[in-house]
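What follows is a short report on a single structure.
Just so it is clear, the model here is predicted, and its values are computed rather than measured.
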Amino acid sequence: MKTTATYDSAAGTFTLEKGIWRGTFPIVDLQKWVHFYRQQMERYPAHAGSYAEDVKSLEALAAELRGRQ
């Protein structure tokens, strides 16, 4: 299932969406969430593919934000 990460500069947050699940978090926590999902991949290898989509989406958002600086 595809994961989407979007940035809200006015609120200083990012939103991660996957299917019907959605979570909004402070942008300063972006790297913490990348780390969390990488750990999940290691802890639950049977579901690593699912977590890989989350990591990919979050890393793409981080790269996009670095490009704006």
Side-chain angles (χ1 to χ4, degrees):
M1 184 175 296
K2 183 170 173 45
T3 302
T4 306
T6 54
Y7 175 55
D8 182 341
S9 61
T13 61
F14 71 95
T15 299
L16 193 62
E17 295 183 64
K18 187 174 198 170
I20 61 170
W21 182 87
R22 171 190 281 195
T24 301
F25 311 96
I27 195 65
V28 296
D29 291 343
L30 180 60
Q31 289 305 315
K32 290 178 187 178
W33 283 101
V34 171
H35 180 71
F36 170 78
Y37 283 113
R38 284 185 181 148
Q39 283 184 323
Q40 293 299 92
M41 290 174 67
E42 293 173 14
R43 289 181 183 147
Y44 307 103
H47 302 284
S50 176
Y51 294 122
E53 278 294 315
D54 303 328
V55 171
K56 178 181 171 184
S57 185
L58 292 170
E59 287 180 337
L61 178 59
E64 178 185 332
L65 294 175
R66 280 192 301 272
R68 290 182 185 181
Q69 294 177 355

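Distance check, rounded to the nearest 0.5 Å: OG1 of Thr4 to CZ of Phe14 gives 13.0 Å. To the nearest 0.5 Å, atoms NZ (Lys2) and CD (Glu53) are separated by 7.0 Å.
His35 pairs by the side chain to side chain contact (heavy atoms under 4.5 Å, CB included) definition with Gln39, not counting sequence neighbours. Every residue two or more places apart in sequence or in another chain that forms a side chain to side chain contact (heavy atoms under 4.5 Å, CB included) with Ala48 is listed here: Met41. With sequence neighbours excluded, the residues satisfying salt bridge (Lys or Arg N to Asp or Glu O under 4.0 Å) with Lys32 are Asp29. Asp8 pairs by the salt bridge (Lys or Arg N to Asp or Glu O under 4.0 Å) definition with nothing, not counting sequence neighbours. Applying the side chain to side chain contact (heavy atoms under 4.5 Å, CB included) criterion to Ala5, with sequence neighbours excluded, gives Leu16, Ser57, Leu58, Leu61.
Within the structure, salt bridge (Lys or Arg N to Asp or Glu O under 4.0 Å) contacts touching residues 15-28 (residues at least two apart or in different chains) are Glu17-Arg22, Lys18-Asp54.
Taking the six-membered ring for Trp and thresholds of 30 and 60 degrees, Tyr37 and Trp33 have ring planes inclined between 30 and 60 degrees apart.
Residues Trp21 and Val55 fall within the same hydrophobic cluster, defined by Ile, Leu, Val, Met, Phe, Trp and Tyr side chains chained together at heavy-atom separations under 4.5 Å.
No hydrogens or angles considered: nothing links the side chains of Thr13 and Thr24 as a donor-acceptor pair under 3.5 Å.
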